[in-house]
Colleague: 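This structure is in C-alpha cells; I'll ask about it shortly.
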Amino acid sequence: MDFALTEEQEMIRESAENFLADVSTSAAVREAMQTEQGYDQQVWRRICEEMVWPAIHIPEIYGGMGLGYVELAVLLEKMGKYLLCSPYFSTVCLGVNALLIAGTKQQKGDYLPKIAEGQLTATLAYTGINGRWDAHGVQATYQKTDAGYLLNGQFRFVPDGHTAELLIVAAREEGSQGEQGVALFALSAEVQGVTRQWLPTMDQTRKQAEINFAAVSVDDSALMINADSGWSKLSSIIQLAQVAIAAEQMGGAQQTLDMAVDYTQEREQFGRKIASYQAIKHKAADMMLKAEVARSAVYFAACVGQEVLAEQGDAELIDDLPQAASMAKAYCSDAFFFNAGNGIQFFGGVGFTWEYDCHLYFKRAKSTETFLGNASYHRELIAKQLLDTDGGLS
Amino acid sequence: MDFALTEEQEMIRESAENFLADVSTSAAVREAMQTEQGYDQQVWRRICEEMVWPAIHIPEIYGGMGLGYVELAVLLEKMGKYLLCSPYFSTVCLGVNALLIAGTKQQKGDYLPKIAEGQLTATLAYTGINGRWDAHGVQATYQKTDAGYLLNGQFRFVPDGHTAELLIVAAREEGSQGEQGVALFALSAEVQGVTRQWLPTMDQTRKQAEINFAAVSVDDSALMINADSGWSKLSSIIQLAQVAIAAEQMGGAQQTLDMAVDYTQEREQFGRKIASYQAIKHKAADMMLKAEVARSAVYFAACVGQEVLAEQGDAELIDDLPQAASMAKAYCSDAFFFNAGNGIQFFGGVGFTWEYDCHLYFKRAKSTETFLGNASYHRELIAKQLLDTDGGLS
Amino acid sequence: MKLQFSAEDELFRAEFSAWLADNLTGEFEVIRYRGGPGDEHMYPSERHQWEKKMAAGGWTCIGWPKAYGGKDASIEQQVIFHEEYARVGGPGRMGHIGEGLTGPTIIAYGSEEQKQKYLPGILDGTELWCQGYSEPSAGSDLAAVKTKAVLDEGLNKWRISGQKVWTSLAHESDWCFVVARTDPQSQRHKGLGFFLVKMDQPGVEVRPIEQLTGTSEFNEVFFDEAVAEDILGKPGEGWTIAMALLGFERGVSTLGQQMLFQNELDTIVHVAKDNGASQDPALRQRIAEAHTGLRLMRYNAMRMLSDPTSGDLDKSALVYKLHWASWHRNLGKLAMDVLGPESEICASGPYELTRLQSMYLFTRSDTIYGGTNQVQRNIIAERGLGMPREAKG
Amino acid sequence: MKLQFSAEDELFRAEFSAWLADNLTGEFEVIRYRGGPGDEHMYPSERHQWEKKMAAGGWTCIGWPKAYGGKDASIEQQVIFHEEYARVGGPGRMGHIGEGLTGPTIIAYGSEEQKQKYLPGILDGTELWCQGYSEPSAGSDLAAVKTKAVLDEGLNKWRISGQKVWTSLAHESDWCFVVARTDPQSQRHKGLGFFLVKMDQPGVEVRPIEQLTGTSEFNEVFFDEAVAEDILGKPGEGWTIAMALLGFERGVSTLGQQMLFQNELDTIVHVAKDNGASQDPALRQRIAEAHTGLRLMRYNAMRMLSDPTSGDLDKSALVYKLHWASWHRNLGKLAMDVLGPESEICASGPYELTRLQSMYLFTRSDTIYGGTNQVQRNIIAERGLGMPREAKG
C-alpha cells in the first residue's frame with residue numbers, strides 16, 4: 001500500500017502548476033470567460049500540442065499517453081486551482097471516458113486518436129429539461145429505423161455543448177422508463193437536425209448549452225455499446241466525471257484557503273493583522289481540514305477510477321466506483337463551497353467586488369456543486385447502498 | 001402590541017426564581033433523581049401548597065388561579081433552569097391541559113379542583129412501543145362494551161407514568177388507523193388490569209414508565225370528549241405540551257450559557273482566562289443568540305397557547321398553534337442541545353465528570369429533544385403545512 | 001404580553017395600505033419589488049419620483065416629531081408602515097438615508113438653522129442623502145478614519161480630503177454626511193467631526209464599485225478639498241454623533257426588511273412547488289427551517305421593540321444583525337438549491353442575472369457590511385455577556 | 001499510488017487473523033468488543049490475562065525493533081495488525097500505554113540498563129503502565145506542570161509530589177510515567193524531568209473520577225514524596241521526551257481505532273434497519289455522512305502513513321485529531337437519534353447504560369482530551385498555515 005503521489009506524478013503536478021500559472025492568470029480567465037466560446041483558442045492549442053493533456057489517459061494504441069486516472073486527477077486539481085477556461089473537462093472527462101467505457105472498437109479508433117492529437121473536442125449530453133442527474137434525467141428518445149436511429153428531444157446543462165465537435169448523447173427507447181431502455185450515441189454536432197444554444201451562466205468560467213434534436217437521423221455505427229446495459233455504462237461515465245469534478249473542486253478548495261490565509265497576513269483591522277484573530281484562525285483550520293480530507297477523497301476515488309479503466313482492474317475497487325465517486329463529489333462540493341464562501345468573508349468588503357477573484361471561485365464552487373448532483377443527492381445514493389439492501393424495511 | 005412580560009408576570013418570575021434557587025439546588029436534584037419516584041415529596045407539597053403552581057392556569061371556577069399560558073411558561077422556564085424534579089410537567093402540562101381541552105364537564109369538576117389543591121397527580125399516555133409521536137403512535141385499542149369500554153395495549157415513554165394517580169390515555173377503535181378512531185379516556189391508575197413499570201432513563205431528572213392495559217374495563221364516564229375529533233383534541237394537547245417543554249428547554253439553554261460564561265471568567269489556560277479567547281467568545285455569542293431567539297419562540301407560542309385555552313381566543317392565533325408549537329419545539333430543542341453540549345466543551349475535562357452539573361443539563365437537553373419529536377420531526381410538520389397545500393406536486 | 005395591534009393602529013394600517021393601493025400603480029408599477037438591497041442601482045429616476053409622491057401623500061418621515069413635519073408615529077405605527085410598504089413590494093426607498101439617518105441626527109444635534117435648512121428637502125423627497133462612513137482600509141473598524149477636515153479660514157468652512165467607500169446611491173444623491181478627522185494628531189474615535197457635504201462640487205468624485213453581481217450598487221467617493229456646507233455639533237463630537245446615528249438605523253425598519261425577506265421566501269416556496277423541489281426531503285427541512293427562522297426573527301424584533309429600553313443594546317437587539325445576516329445568507333443558498341441546475345442559467349446574456357441569483361450573490365455581503373459576523377460576535381460577547389474585549393494591536 | 005497491500009502483507013494478515021480466531025475464544029469471549037474508550041474500566045483481570053496470551057503468541061510490541069523483542073513490523077503490517085485486531089472485536093489493550101508510549105520512549109531515550117529493566121515486562125504483558133501527564137489546572141496546556149521532583153540525596157532518587165489527572169487504568173497499573181518539575185524556579189516547558197514511578201508504594205494514591213456515564217475510567221493520582229524508580233534522560237529534558245512520546249501515540253493505531261468506529265457505525269446501521277429509522281430521510285443523510293466521514297478518515301490516515309515524513313506534523317496528520325473527534329461526537333448523537341425514544345431507556349436500573357448510550361456520552365470527551373478542538377485548531381492554523389500564535393497571558 002502506498003497512498004502518495006509517485007515521483008512521476010509529482011513531476012506532472014509541477015509542470016501543470018507552472019504552465020497554468022502562466023496561461024491561466026486572473027486576467028486570462030476573465031478574458032476567456034466573457035466570450036461565448038468560453039476559452040482562448042491559443043491556450044487550448046498549447047494544452048493540446050505542448051502539454052498533450054487530452055491524451056493523458058487515452059491508451060497508447062489510440063495514440064494516447066496511456067497514463068491513469070490519478071495522473072488525470074493531478075491535472076484537474078491544478079485546473080481547478082487556476083480556474084482554467086477550456087473544453088478539457090468536457091472533452092476528456094466526459095468525451096474520452098464515454099468512448100473508453102462505451103465506445104465500439106470503431107468509435108474508439110475513429111475518435112480517440114483525434115482527441116489525443118487535439119483535433120477534436122467532445123462532450124456528453126444526457127440531462128433534459130427536468131434537470132435530473134439520475135436515469136430519469138434522460139428525456140430524449142430514439143427509435144430504430146431501417147437506416148439506423150431517429151433521435152428526438154432536448155438536452156440542457158451540457159458542458160461546452162455549443163462548441164463541442166463530437167456529441168455523445170443518451171436517449172431512451174420511446175416508452176421506456178427509469179434505468180430501462182437507455183442507449184448512447186456518438187455523432188458529429190454538425191448532423192442535420194441538431195441545434196445548439198449557449199446558455200449564459202452565473203459561473204462564467206464553465207459554459208453550458210442547450211441542445212435540441214429534431215428528427216436527427218444517424219446510422220447504426222453511431223450506437224455505442226449498450227445492449228441492455230446503457231444506463232449501467234452511462235452511470236460509470238457519470239461517476240468518473242464526478243470524480244473529475246471533485247478533483248477540480250479540491251484544487252479550488254485548496255486555492256481559496258491559500259488566498260484567504262495570505263490575505264489575513266496583510267489585512268489589518270483594529271490595529272492587528274486579521275490572521276491574529278482566533279476566529280479567523282479557527283475558520284482557516286476548518287478550511288484546511290476540508291481541503292485535506294477532500295484531497296484524500298479525490299485521490300482514493302481516482303485510484304478506483306484507474307482500476308475501472310484498466311485492462312484488468314481490481315474487482316473489489318471497481319465495485320467501489322459508485323460509492324467512491326459519490327463520497328468524493330459530496331465531500332468536495334461542500335468543501336469547495338465552504339472554503340470559497342469563507343474566503344469572501346475573510347476578504348471582507350473587497351471580497352464581494354468584481355475586481356477581486358473571490359467571486360470567480362465562489363461561483364465555480366456553486367456551479368460544480370450543482371452539476372452532477374450536490375452533496376445531499378449523493379448522500380442519498382450512498383444511503384440507498386447502505387440501508388436499502390438485505391431487505392431493509394419499507 | 002406589547003411583547004414584553006407584564007409587571008405581574010415579572011413578579012411570578014422572580015418568586016419562582018427565589019423558590020427554586022432554594023429547593024432545587026444541585027444537591028436536591030441529585031438526591032431526587034436517584035429515587036425511582038423521581039421527586040422529593042416535601043418539595044412537591046411546598047410547590048402545591050405554598051406556591052400553588054398546579055393551579056396556575058386552571059380556571060377559577062375549578063378552584064384555579066385562572067392565569068394564562070404565558071404565566072405557566074414563566075414558571076417552566078425557571079423549572080428548566082433549575083432542573084426541577086417534580087411531577088409538575090406531567091400533572092399540569094399534560095394532565096390539566098388534557099382535561100381543559102378534552103375533559104367533560106363532569107371530569108373537569110372531578111379532577112381539576114383536586115389538582116389545583118395539590119391532591120392529585122396526572123399524566124398523559126399515548127405513544128406505544130413504536131415510539132412515534134404522531135397519530136400512528138397510538139397503538140392501544142378500545143372496544144365498546146355494554147358497561148362502557150374495554151382497553152388493551154401498551155404505552156411507553158410515559159412521563160411519571162409509574163407515579164401519576166390520574167391517567168389520561170389515548171386508544172384507538174380496533175381496526176382503525178392513523179388519525180381515525182382515536183379516543184381519550186381518563187381513569188385512575190388503580191383500576192384493575194393496569195400495570196406500570198418505571199423505565200430507568202439516561203436523563204434521571206425526568207422519569208418515564210411503561211404502562212400495560214390488560215382488559216381494563218371503564219364505564220362511559222371515563223370517555224373524554226372525542227366523538228370524531230379524538231386525534232384533533234389530542235393534537236392540541238400534545239402541541240401545548242410541546243410549548244411547555246420548549247419553555248423548559250429555553251430556561252436550560254439560558255442556564256447552560258450562563259454557567260459556561262461564568263466558568264470562562266475563572267478558568268485559565270496558557271496563562272489567560274479562557275473568556276479572553278475569541279473562539280470561546282464567539283461560541284458564547286452563538287449560544288446567546290440561540291437563547292434569545294428561543295425566548296422569542298417560547299413566548300410567542302405561549303401567547304398562542306393562551307388564546308387556545310381562553311374562553312374566546314383570537315381565531316387567527318388559535319389556528320397558529322400547530323406551527324407555533326413546532327417552531328418552538330424545533331428551535332428550543334436544538335438551542336438547548338447546542339448550549340448544553342458547548343457548555344461541556346467550555347468546562348473541559350471537568351465538564352464530563354459526574355461531579356459538575358454540566359451532564360445533568362446535557363442529558364435533560366437530549367431527553368427533551370427526543371420527547372414529543374425532535375427538530376427534524378417538527379420541521380417536516382412545518383414543511384407539510386407550507387408545501388403540501390394548494391395542490392403541490394406529488 | 002399582547003400580540004395584537006390596537007384598533008387605532010389597525011385603522012392606520014388600513015389608511016396607509018389604501019394609499020399605497022391607489023398610488024403605487026401606473027407609472028410606478030415598474031418599480032414594485034425593485035431597488036432593494038442588491039438592486040439599489042435600478043430605476044433611480046422613477047424611484048426619485050416616487051419619493052416625491054410619498055411626500056405629497058404625507059408618508060415620508062412619519063416617525064419624526066410633528067414640529068419638524070413628521071407624524072410623531074408610535075413604534076407600532078412605524079412597524080405597520082414598514083410592513084405594509086414591504087408587503088405590496090414598495091420600491092427601495094431612495095430617501096431612507098435622509099429620513100432614517102441624517103434627519104434624526106440633525107434633529108438631535110443640529111442647530112435650529114440647520115434644521116430649517118436641511119429637513120424640508122428630506123421631508124418633501126427632493127433632496128437625497130448618502131453616507132460617508134467606511135474607508136477602504138477601515139472595514140468594520142469605523143474608528144479608523146483617515147479622511148481629513150481642515151478649516152478654510154477664508155471661507156470659514158471645513159474642507160474635506162480623503163476617500164469613503166461602500167456608499168450606495170452616491171451618484172443620485174445631493175448630499176453626503178461625512179465623518180472626518182478634524183484634529184490631525186488624534187487617534188481613533190477622538191478628534192472627529194461630522195460634516196454635511198454637497199455632492200455637486202468639483203472636489204467630489206464618485207466611482208462605482210463593480211460587485212460580484214456585475215452591477216454597481218456601491219461607490220467609492222473621493223474628496224479633494226471638497227467644501228463642507230456644515231458641521232453638525234462641534235469638532236471632536238463626530239464619533240458621538242456617528243454612533244447615535246447608527247442607533248437610529250436599528251429598530252423599526254427591521255420589520256419592513258423582514259417583509260422583503262418574506263417576499264423572497266414566498267418566491268422560493270413557489271418555485272419549489274412548481275419544479276418539484278418541494279418533495280425533496282432535505283429541501284423540505286431547509287425550507288421549514290428558513291420559514292421558522294424568519295418568523296422567530298419577527299418575534300425577536302417584536303420583543304426588541306417592546307422593550308422599554310429599546311434603542312439601547314438590549315439582548316434581543318444585540319443578536320439581531322447576526323441573526324438576520326446569517327439567515328439571509330442561508331436563504332440565498334437555499335434559493336439556488338431549490339432551483340437546481342436552472343440556478344446557473346442567467347436571465348439573459350452576457351450576464352443579466354435573475355432576481356434570485358442577484359439575491360443569492362448579494363447575501364454574501366450581508367455578513368460583512370454593517371459589521372461582519374465576527375465583529376457582531378465580539379460585540380455580543382463583550383457587551384451582552386461581559387467577556388473581555390479583544391486586544392487592540 | 002497503490003491501494004492494495006502486498007502479498008507478503010496479506011500473508012501476515014492471514015497469520016494474525018488465524019491466531020485471533022484460535023485464541024480470542026473461550027474464557028476470552030466475554031471481553032470481545034469490551035474495554036475500549038468509555039469502557040476501559042471493564043474486565044480488568046480477564047484483559048490482563050489476554051495481554052499475557054498475546055505476548056505468548058508473540059503478538060505484543062510488533063513494531064518494536066527485533067533487538068528489543070519486537071518484530072520490526074512495517075507500517076503496513078502494523079496497520080494490518082490493528083485492523084484485524086479491531087475487526088474481530090479484540091478487547092481494549094491494557095498494555096497499550098507500555099507498548100505504544102513507554103516502550104518506544106525508553107527505546108529512544110533510555111539507558112541500556114533501563115531497557116533491560118523495563119522492556120521485558122511490557123513485552124510479556126506482565127507489567128502495565130499508566131500515564132501521568134495532565135494536571136487539574138493544566139487542561140490542554142501540558143506545559144503548565146506543577147508536580148515537583150526533588151532529588152533525595154540519601155536515596156539518590158527523585159521524589160515526586162503533586163497531582164495528575166485523567167489517568168486511565170491507574171488502579172490496574174504497575175508503573176506510571178510522570179512529567180514533573182525538577183527545577184522549582186523554571187517556567188513552562190523548561191526544567192522538567194520524565195520519571196518512571198512504581199504505583200505500589202505509600203506515596204501514591206489513586207482516586208477514581210466518576211464520569212458523566214456514572215462509571216470511572218479515569219483517575220486522579222496523588223503523589224506525596226513518592227519515589228521515582230528512574231529518570232529517563234536528564235533533568236530538564238522532560239519536555240523533549242514527553243513531546244516525542246506524544247509523537248509515538250499518533251499513527252498506526254488510528255486504523256485500529258477506525259475499525260472500532262466501524263463496529264459502532266455497523267451497529268447503528270443495524271438498529272436503523274431494524275426499527276425503521278433507515279427510512280427517515282434526515283437520518284439517511286446523516287448515516288451516509290457518517291459513513292463517508294469514516295471512509296475518508298481512513299484514506300486520510302493512509303495518506304498520513306504513506307507520507308515519507310510521517311510522524312512529523314504533516315498536513316494530513318495535523319487535521320486528524322480534529323477530524324475523528326468531531327466525527328465521533330456526531331456519531332454519538334446519531335446513535336441516539338436513530339434509536340429514537342428508546343435512546344433514553346437504560347439497560348437496567350438504577351443507571352446501567354447501554355453500550356450506545358455510554359458511547360454517546362463518552363464522545364463528549366473526545367473533543368476535549370488529547371487537546372481540545374480549540375487547541376487543535378490553534379495548532380492547525382499556527383503550524384499548518386503559518387498564522388500567528390495565540391498571545392500567552
Side-chain angles (χ1 to χ4, degrees), chain B residues 1-6 9 68 70 257 261 264-265 272-273 275-276 278 280-297 299-300 302-304 306-307 314 317 323-324 326-328 330-331 375-376 378-388 390-394, chain C residues 1-6 9 75-76 79-80 269 272-279 281 283-289 291-293 295-308 315-316 318-320 322-323 326 373-374 376-382 384-391:
Chain B
M1 184 210 62
D2 184 17
F3 197 31
L5 294 181
T6 63
Q9 288 162 346
V70 173
L257 165 63
V261 169
T264 65
Q265 302 276 19
R272 286 165 57 183
K273 295 222 182 308
S276 73
Q278 201 181 30
I280 295 290
K281 287 169 62 181
H282 281 199
K283 194 63 88 176
D286 288 339
M287 291 161 75
M288 177 166 147
L289 187 151
K290 290 195 192 289
E292 286 304 314
V293 177
R295 188 175 303 278
S296 301
Y299 281 112
F300 177 80
C303 287
V304 171
Q306 193 125 323
E307 299 298 320
D314 180 301
L317 287 175
Q323 209 175 96
S326 279
M327 291 194 303
Y331 196 91
S376 120
H378 284 286
R379 281 196 289 263
E380 175 55 30
L381 289 182
I382 294 167
K384 275 201 180 71
Q385 296 177 52
L386 281 179
L387 298 170
D388 298 345
D390 338 318
L393 306 178
S394 71
Chain C
M1 276 193 178
K2 185 163 169 40
L3 296 175
Q4 297 92 338
F5 288 92
S6 69
D9 287 344
I75 296 276
E76 281 85 354
V79 164
I80 288 169
V269 166
K273 285 184 176 181
D274 219 45
N275 75 358
S278 66
Q279 297 311 305
L283 290 173
R284 290 170 72 83
Q285 288 279 318
R286 288 169 63 194
I287 291 170
E289 195 172 9
H291 173 82
T292 302
R295 287 198 57 179
L296 299 187
M297 204 188 299
R298 179 174 162 79
Y299 308 147
N300 225 46
M302 286 162 63
R303 274 213 305 133
M304 179 166 84
L305 296 172
S306 297
D307 194 295
K315 293 190 171 185
S316 48
L318 268 175
V319 301
Y320 195 78
L322 179 62
H323 190 206
S326 307
N373 274 11
Q374 286 70 36
Q376 296 299 333
R377 289 194 180 93
N378 281 348
I379 294 174
I380 294 168
E382 294 166 13
L385 297 169
M387 297 174 88
R389 303 196 64 160
E390 282 300 303

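These values consider heavy atoms only, across backbone and side chains, with no hydrogens, waters or symmetry-generated copies. Residue numbers begin at 1 in each chain, while the letters A, B, ... track the order of the sequences.
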Colleague: Go through B/Ile280, B/Ile382, B/Leu5, B/Leu289 and name the one with the most non-hydrogen pairs under 4.5 angstrom from chain C.
Modeller: B/Leu289
Colleague: Contact part of B/Leu257 toward chain C, heavy-atom cut-off under 4.5 Å: side chain, backbone, both or neither?
Modeller: side chain
Colleague: Does a side chain donor of either C/Tyr299 or C/Arg303 reach within less than 3.5 Å of an acceptor in the other side chain?
Modeller: no
Colleague: Heavy-atom pairs under 4.5 Å with chain C - which of B/Leu381, B/Val70, B/Val261, B/Val304 has more of them than the others?
Modeller: B/Val261
Colleague: Please identify each residue that fulfils ring-ring contact (aromatic ring centres under 6.0 Å, His included) with B/Tyr299, with sequence neighbours left out.
Modeller: none
Colleague: Below 4.5 Å, heavy-atom pairs only: which of C/Ile287, C/Leu283, C/Asn300, C/Val269 has the largest tally toward chain B?
Modeller: C/Asn300
Colleague: Indicate whether the side chain of B/Gln323 and that of C/His291 have a donor and an acceptor atom separated by less than 3.5 Å.
Modeller: yes
Colleague: Who among C/Arg295, C/Met302, C/Arg389 has the most heavy-atom pairs with chain B under 4.5 Å?
Modeller: C/Arg295
Colleague: Which heavy atom in C/Leu296 sits nearest to a heavy atom in B/Ser296, and how many Å separate them?
Modeller: O-CB, 4.3 Å
Colleague: Relative to chain B, which of C/Glu76, C/Gln285, C/His323 shows the most heavy atom pairs under 4.5 Å?
Modeller: C/Gln285
Colleague: Roughly how far apart are C/Glu390 CD and C/Gln374 CD, rounded to 0.5 Å?
Modeller: 11.0 Å
Colleague: B/Thr264 versus chain C, heavy atoms under 4.5 Å apart: side chain, backbone, both or neither?
Modeller: side chain
Colleague: Quick check on C/Asn373 against chain B: is it the side chain, the backbone, both or neither that has a heavy atom closer than 4.5 Å?
Modeller: neither
Colleague: Let me know if B/Gln306 has heavy atoms under 4.5 Å from chain C in its side chain, its backbone, both or neither.
Modeller: neither
Colleague: Is it the side chain or the backbone of B/Val293 that comes within 4.5 Å of chain C heavy atoms, both, or neither?
Modeller: both
Colleague: Which residues satisfy the salt bridge (charged side-chain N to carboxylate O under 4.0 Å, His left out) test with B/Glu380, sequence neighbours excluded?
Modeller: B/Lys384, C/Arg284
Colleague: Mind checking the CE-NZ spacing from B/Met288 to B/Lys281? Nearest 0.5 Å is all I need.
Modeller: 13.5 Å
